[in-house]
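Remarks on the structure that follows.
Residue numbers begin at 1 in each chain, while the letters A, B, ... track the order of the sequences. Quick caveat: nothing in here was measured; it's all calculated off a predicted structure.
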There are 2 protein chains.
Amino acid sequence: MNEQAVIPIEDGTESVPGKTRDALRAAHLYYMQDLTMDAIAHELHTSRSSVSRLLSHARASGLVEISLHSPLDLPSRIEQEILERFAVGAHVIPVPDHASDVDRLDRVALSAARILGRFVDSNQTIGIAWGSTMSAMSRHLVPKATHNSEIVQLNGAGNGRTTGIVYASELLRRFGDAFGARVQQFPVPAFFDDPETRRAFWRERSTRRLLDLQERMDVALFGVGSPFAEVPSHVYQGGYLERADYEGLSREGAVGDVATVFYRADGSTDGITLNERATGPDFSVLRRAPRRICVVSGRAKLASLRGALAAGLITDLIVDEGTARALVESPHESPRDRE
Amino acid sequence: MNEQAVIPIEDGTESVPGKTRDALRAAHLYYMQDLTMDAIAHELHTSRSSVSRLLSHARASGLVEISLHSPLDLPSRIEQEILERFAVGAHVIPVPDHASDVDRLDRVALSAARILGRFVDSNQTIGIAWGSTMSAMSRHLVPKATHNSEIVQLNGAGNGRTTGIVYASELLRRFGDAFGARVQQFPVPAFFDDPETRRAFWRERSTRRLLDLQERMDVALFGVGSPFAEVPSHVYQGGYLERADYEGLSREGAVGDVATVFYRADGSTDGITLNERATGPDFSVLRRAPRRICVVSGRAKLASLRGALAAGLITDLIVDEGTARALVESPHESPRDRE
DNA sequence: AAGCCGAGTGAACAAACGTGCAAGGATGGC
DNA sequence: GCCATCCTTGCACGTTTGTTCACTCGGCTT
């Protein structure tokens, strides 16, 4: 049999495109023609195992895209309501109510990572905050080829004795790899000890360059912090803040933060002293980004989320179902628990 | 456990949207969150089997869309070449060379059916020919909701003693169902016996109405017939044509047909007498459709395909790999076999 | 040159999945 | 109101798929 006639391409040493070719072909046969992996293995002259791996590769590398279309007459009542009430595009992630907070975060992050591709494109500057939500997302990104894009770190990460969270550089690198984008690190602590140090730093040319990038951001991606919730965001565990800081926040009425910048329930930030030591962008800067994506999981963050919405920080919200339901159910109630 | 709290929607008798809701949720959990069907069954309070069926339903009904993206630097050399040489957008379907013609047709039709959704939209008139290729496609259509669209039959089907091919009405209905479109049948034989009958019929108001529709077509979908190939298109098996007809076609240099209208290798149709009895649209009418999708499988149809390309009938081509390769390999050779 | 390392392969096993089947429940016609 | 019929459900089975493991094969180091 003239087996080599089947694939008359030159067998160059270009092994990587060769793998991509095979993966693409396998994906065609599997997803478009419904062949079994066995049959595909036969067509590609390899083993079933390899086909299984090829398909995994095809999915993980974005060769295969799976998207869901709700029929237009059934557009998730909750998403619709969030859109109307807050003027924010919502993606509600179904998660059972009894799931643990860790599960919940993982599942929201996984879904968010897969949705993210829709927001990312070439020639964009993408700002990324640093936190456990972003960390979880970074592990599941689906690559998408872009040109001339840039990832810029929104807030410092300090030299954390990080609680299992990957280092900021690693996190940024993952985003950069996934989208073929340059990465701009922001090597500062999450909070300065002295506001003066921050001001001095901000005058440095290298810092200015980064801040300029932040001002020209096309997409911002962040979670919300919730300092007084039972399961505090990791920013509050890494030893970044002292007891006195919490007391200050509490006294000044802060309910949450976005990229280390704190706000009150009504979205205001004026007079929150900790912000003078924070490294994240001022909200006036953040709001210049036309697309501001917020990923939230867990009802503990409800009050924070409300504040971020009040501050107008969010244009697109990715949130677990329980939190979404709570958000629309009890419109203006105090952070007391429902039911 | 407050199980009913998990899904606080009213348990109305709206069973169909209920099923769609579940299917959508299951699809979310399966495709976006990588849960196993077991886990999903648990979340939905049902059995694994049901989840499997829900997911099948979600795929078959277009709730889930799976698409493949070749990396831009590797855009199927063949498709690229077809685009350059014939100015036609190509989708090449990988099929092993040793596949039987039946397999080949099935696999191309399956892929074509899944691609078709991209071409169909609301407020469109979609013309559809009648043949074994269309028949195979009709069994695998992925529904897509559209408004105010219309399916119009391009050529008559006669009262075939159809060889396992579904009746034209059934075929049209499937397309109509899949896209929520009205269906306009064309109840005439594939070929009239007497050209005069055709002319008379064409003057009828009911016929005119249909021809008008054909002239305003947005999308045309058809295969090509290949009268002199080893495995003749079913049009030639149904007893539509007599020996004398074939001899006439042969004498007049016909190499293929689109919707019962025959053409020569150079795309010309003038002086092919059988066309006076054909029921399909004149090519000048067909070419008014901005999008003209042709589905071809099997090298036996290569000469026909070349002719249809020469006639400028095609804007988008869906073709099996072997045929595509033959198309670009031997550019201007006579219909003699290669190798 | 020998040897170490990492990537890739196929066999084998376990997990996950699809489907025929029989039972239960709803629907619609009479 | 009752029965025939169709649709749906969960189970059980066989098939299909993911993953672990031992192995091979280049490439690169010592």
Side-chain angles (χ1 to χ4, degrees), chain A residues 3 7 10-61 63-64 66 68 96 103 106-107 110 114 139-140 142-143 177, chain B residues 3-4 6-7 9-61 63-64 66 68 103 106-107 110 114 139-140 142-143 177:
Chain A
E3 295 193 343
I7 303 174
E10 59 281 11
D11 280 42
T13 52
E14 26 157 43
S15 71
V16 175
K19 179 177 176 182
T20 302
R21 276 188 96 87
D22 282 352
L24 206 52
R25 172 175 275 255
H28 248 280
L29 297 173
Y30 190 77
Y31 289 107
M32 296 290 132
Q33 297 186 18
D34 292 344
L35 300 200
T36 74
M37 294 186 180
D38 230 348
I40 298 170
H42 202 255
E43 289 200 11
L44 298 188
H45 308 293
T46 182
S47 71
R48 246 190 24 265
S49 332
S50 296
V51 174
S52 172
R53 285 186 276 251
L54 273 180
L55 288 172
S56 295
H57 171 71
R59 284 188 300 263
S61 62
L63 265 48
V64 177
I66 300 181
L68 305 183
D103 272 4
D106 270 347
R107 290 173 58 169
L110 179 54
R114 292 182 172 178
R139 279 190 295 272
H140 301 293
V142 179
D177 285 355
Chain B
E3 296 192 343
Q4 65 277 33
V6 174
I7 303 175
I9 56 173
E10 58 281 12
D11 279 43
T13 52
E14 27 155 44
S15 71
V16 175
K19 178 178 176 182
T20 302
R21 277 188 95 86
D22 282 353
L24 208 51
R25 174 176 273 256
H28 248 280
L29 298 172
Y30 191 76
Y31 289 108
M32 297 289 132
Q33 296 187 21
D34 292 344
L35 299 200
T36 73
M37 294 185 181
D38 232 347
I40 298 170
H42 202 255
E43 289 199 13
L44 299 188
H45 309 294
T46 182
S47 70
R48 237 188 40 261
S49 337
S50 296
V51 174
S52 172
R53 284 185 275 255
L54 272 180
L55 289 172
S56 294
H57 170 73
R59 284 187 300 262
S61 62
L63 265 50
V64 177
I66 302 181
L68 305 183
D103 272 4
D106 271 347
R107 290 173 60 170
L110 179 55
R114 292 184 171 176
R139 283 190 293 272
H140 302 293
V142 179
D177 285 355

If you measure from CG on B:Asp22 to OG1 on B:Thr46, what distance do you get to the nearest 0.5 Å? 8.0 Å
Check the distance between C:dT19's P and B:Leu54's CG and give it to me in whole angstrom. 14 Å
Please list, by residue number, the residues of residues 30-40 of chain A whose heavy atoms come closer than 4.0 Å to an atom of DNA chain D; answer none if no residue qualifies. A:Tyr30, A:Thr36, A:Met37
Dump the intermediate steps for salt bridge (Lys or Arg N to Asp or Glu O under 4.0 Å) on B:Arg114 and A:Asp34, then the final yes or no. CA-CA 11 Å; B:Arg114 292 184 171 176; A:Asp34 292 344; 2.8 Å; yes
Closest heavy-atom contact between A:Val142 and A:Arg59? CG1-O, 4.3 Å
Using atom NE2 of A:His42 as one end and atom C1' of D:dT16 as the other, report the distance to the nearest whole Å. 17 Å
Hey, does A:Thr46 reach any base, or is it just sugar-phosphate, or nothing, if we go heavy atoms under 4.0 Å? sugar-phosphate
Could you give the CG-to-C1' distance, from B:Leu55 to C:dT19, as a whole number of Å? 15 Å
Does the B:Ser56 side chain pair with the main chain of B:Ser52, one donor and one acceptor, at a distance under 3.5 Å? yes
What N/O pairs connect the protein and nucleotides 22-26 of chain D at under 3.5 Å? Give each pair on its own line.
none

Go through the N and O atoms of the side chain of B:Ser49 and the base of D:dC11, and report whether any donor-acceptor pair is under 3.5 Å. yes
Mind calculating the distance between CZ (A:Arg48) and P (C:dA11) to the nearest angstrom? 9 Å
Please check: side-chain N/O of A:Arg107 versus main-chain N/O of B:Leu35, any donor-acceptor pairing under 3.5 Å? no
So what does B:Ser52 hit on the nucleic acid, given a heavy-atom distance under 4.0 Å: a base, only sugar-phosphate, or nothing? base
Heavy-atom distance under 4.5 Å between the side chains of A:Glu43 and A:Val51, does that happen here? no
Give the minimum heavy-atom separation between A:Gln33 and B:Leu110, together with the two atoms involved. O-CD2, 3.5 Å
Heavy-atom count around A:His42 NE2 within 6.0 Å, excluding the residue itself: above 12? no
